[in-house]
Amino acid sequence: MQGKNYGIEPKASAMLVEFLGTDLSKINNELEKLQIILPKGSTITPKDIEENIGFSKDFNNFELINALGSRNQLKAYQIVNYFAENEKANPMVVTTSTVFGFFVKLLKYHGLKDRNPKNVAAVLAVNPYFLKDYDIALKQYPMKKVSQIVGTLRDIDVKSKGVGANAMPTGDLLKEMLVKIFN
């Protein structure tokens, strides 16, 4: 985008990847649409993504991670209820893998001796912009709890694939996931 005189905020970039996946042609197509709409020299914001690509800024995996990291139970339950009502747009496997990835990174963060922001961002493989979210979560979840959550997420993933859950509805699995994370 910089070669075409556009910038993109880190959160907007993360939203694009979450919404479109890693298919570069899809991402390129959407970015080209934004270039038609936005004036040259603009920085693409999360609001631009939401308004022009049809992505819900309030109910997505990115916001679920923020709600979990800050232990905002109300917001987390609102998001999983939305996911349960819109299963096709919010596949369970994507949600569990995103939440799993977040808590695995949080576990790595707990184990770091060198907590210099550059080192943390490199080890976690995240943009330094997102470190504040991990700092908040680090204070909310002790290392032992994070380890338990990782195990819980593995169980939820297996259940979501029909093993030992007798085709439990997605909404119930998501709520079970939250109960186990927050307790």
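The chain is numbered in sequence order, starting from 1.
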So, taking the atom named CD in Q78 and the one named CD in E63, what distance separates them when rounded to the nearest 0.5 Å? 11.5 Å
Heavy-atom closest contact (G171 atom, A84 atom, distance): CA-CB, 3.5 Å
Which side-chain N or O atoms in residues 176-183 pair as donor and acceptor under 3.5 Å with protein atoms at least two apart or in another chain?
residue, atom, partner, partner atom, Å
E176, OE1, K159, NZ, 3.4
E176, OE2, K159, NZ, 2.7
E176, OE2, K180, NZ, 3.0
N183, ND2, V179, O, 3.1

Test item: I49 and L34 side chains (from C-beta on) under 4.5 Å apart, heavy atoms: yes
Would you name the heavy atoms of K175 and Y77 that are closest together and state the gap between them? O-OH, 4.1 Å
Polar side-chain atom of N86 near backbone of A89 as donor-acceptor pair, under 3.5 Å: no
Residue set satisfying side-chain hydrogen bond (donor to acceptor under 3.5 Å, both in side chains) with D133, at least two apart, ordered chain then number -> none
Drop me the distance from I156's CD1 to M92's CE, to the nearest 0.5 angstrom. 6.0 Å
Rounded to the nearest 0.5 Å, how far apart are OG1 of T95 and CG of N60? 9.5 Å
T43: what forms a side-chain contact (heavy atoms from CB on, under 4.5 Å) with it, not counting sequence neighbours? E9
Identify, with sequence neighbours excluded, every residue that meets side-chain hydrogen bond (donor to acceptor under 3.5 Å, both in side chains) alongside D172. none
Output every pair passing salt bridge (Lys or Arg N to Asp or Glu O under 4.0 Å) with a member in residues 31-41, not counting sequence neighbours, ordered by first then second residue. E30-K33
Would you check if the side chain of Y6 reaches a backbone N or O of L38 as a donor-acceptor pair within less than 3.5 Å? yes
Side-chain atoms of residues 99-113: list all donor-acceptor pairs with protein atoms under 3.5 Å, sequence neighbours left out, distances to 0.1 Å.
residue, atom, partner, partner atom, Å
Y109, OH, D135, OD1, 2.3
H110, NE2, Y141, O, 2.6

Once side chain to side chain donor-acceptor pair (under 3.5 Å) is applied, what residue pairs with a partner in residues 115-125 remain, sequence neighbours excluded? none
What are the two closest non-hydrogen atoms of A67 and A76, and how far apart are they? CB-N, 3.7 Å
Partners passing side-chain hydrogen bond (donor to acceptor under 3.5 Å, both in side chains) against D157 (at least two apart in sequence or in another chain): K161
Side chain to side chain donor-acceptor pair (under 3.5 Å) between D155 and T152: does it pass, once the steps are laid out? CA-CA 5 Å; D155 293 342; T152 292; 5.4 Å; no
Here the gap from L174 atom CG to N81 atom CG, rounded to the nearest 0.5 Å, amounts to 9.0 Å
Just by distance, do the side chain of N127 and the backbone of F130 share a donor-acceptor pair under 3.5 Å? no
Are the side chains of T170 and N90 in touch, meaning some heavy atoms are under 4.5 Å apart? no
Does V94 share a hydrophobic cluster with L153, counting links as ILVMFWY side-chain heavy atoms below 4.5 Å and allowing steps through other members? no
Is any side-chain heavy atom of S147 closer than 4.5 Å to a side-chain heavy atom of V150? no
Nearest-0.5 Å distance, CG of residue L68 to CG of residue N66: 9.0 Å
Return yes if some donor-acceptor pair links the side-chain N/O of N28 with the main-chain N/O of L24 below 3.5 Å, else return no. no
Which of parallel (below 30°), tilted (30 to 60°) and perpendicular (above 60°) describes F59 and Y82? parallel
Once side-chain contact (heavy atoms from CB on, under 4.5 Å) is applied, do any residues pair with I37, and if so which ones, sequence neighbours excluded? N52
CD-CG distance between E51 and D48, expressed to the nearest 0.5 angstrom: 7.0 Å
Among residues at least two apart in sequence or on other chains, which ones pass side-chain contact (heavy atoms from CB on, under 4.5 Å) with I36? none
Kindly determine whether T98 and I65 satisfy side-chain contact (heavy atoms from CB on, under 4.5 Å), including the steps that lead there. CA-CA 8 Å; T98 302; I65 293 300; 3.9 Å; yes
K139: salt bridge (Lys or Arg N to Asp or Glu O under 4.0 Å) partners, not counting sequence neighbours: none
Can you hop from I136 to L124 via hydrophobic side chains spaced under 4.5 Å? no
Looking at residues at least two apart in the chain, or sitting in another chain, which of them share a side-chain hydrogen bond (donor to acceptor under 3.5 Å, both in side chains) with K26? none
Heavy-atom pair of closest approach, residues V120 and D114: CG2-O, 4.1 Å
